[in-house]
Amino acid sequence: MIYKSEPLEAVLSVGGIFLLVYGLCLYLNFSTKYTITESGILEVICGFLYHKRFDIKKIKSVAKTGNLMSSPAPSLDRIELTYGKFDVIVISPKDKNEFARALQQVNPEIENKLKP
């Protein structure tokens, strides 16, 4: 836009929109948290957009996935938790093996399909 001699207002407007979108992406990336509570609940928070709680006793398996579906997982190195009858959530904790072990401490029946 600068090389095509667009008005300064247009350049600043587009730049401002890009900065807002980039700031939102950074906020969502750094505010994503996975917490295991003492009562056996997995709490998944992704900024102000996503806040859900999952009963760890209902989780059936943990497996590595390449699924790119929209999820509260800021990384592409993801794991998939299956729970309930056919439900799936995709997340990306920093230490996947340790996270799976922590889930298994609450529910030893969880099938861990991650390679150690």
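Nothing here was measured: the structure is a model prediction, and the numbers come from that model.
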Which atom pair, heavy atoms only, marks the closest approach of [X] to [Y]?
X: Thr82; Y: Ser61; result: OG1-OG, 2.6 Å
X: Asp55; Y: Ile41; result: CA-CD1, 4.0 Å
X: Glu43; Y: Thr37; result: OE1-CG2, 4.5 Å
X: Asn112; Y: Gln104; result: CB-NE2, 3.4 Å
X: Tyr83; Y: Ile59; result: CB-CA, 3.9 Å
X: Tyr34; Y: Ala73; result: OH-CA, 3.6 Å

Holding to side-chain contact (heavy atoms from CB on, under 4.5 Å), I want the full list of residues that pass it with Lys52, two or more places apart in sequence or in another chain.
Tyr50, Phe54
Roughly how far, to the nearest 0.5 Å, is [atom2] of [Y] from [atom1] of [X]?
X: Asp95; Y: Arg101; atom1: CG; atom2: CZ; result: 6.5 Å
X: Asp87; Y: Lys60; atom1: CG; atom2: NZ; result: 9.0 Å
X: Lys57; Y: Ile110; atom1: NZ; atom2: CD1; result: 8.5 Å

If you count heavy atoms of other groups shown closer than 6.0 angstrom to NZ of Lys96, is the number above 12?
yes
Identify whether Val62 and Ile36 are in the same connected component of the hydrophobic contact network (ILVMFWY, side-chain heavy atoms under 4.5 Å).
yes
Sequence neighbours left out, cut at 3.5 Å: what donor-acceptor pairs do the side chains of residues 15-32 make with other protein atoms?
unit_1	atom_1	unit_2	atom_2	d
Ser31	OG	Tyr27	O	2.7
Ser31	OG	Gly47	N	3.1
Thr32	OG1	Leu28	O	2.7

Does some side-chain heavy atom of Val106 sit less than 4.5 Å from a side-chain heavy atom of Leu42?
no
N/O donor to acceptor pairs below 3.5 angstrom from side-chain atoms of residues 63-70, sequence neighbours left out:
unit_1	atom_1	unit_2	atom_2	d
Lys64	NZ	Asp77	OD1	2.5
Thr65	OG1	Asn67	N	3.0
Asn67	OD1	Met69	N	2.8

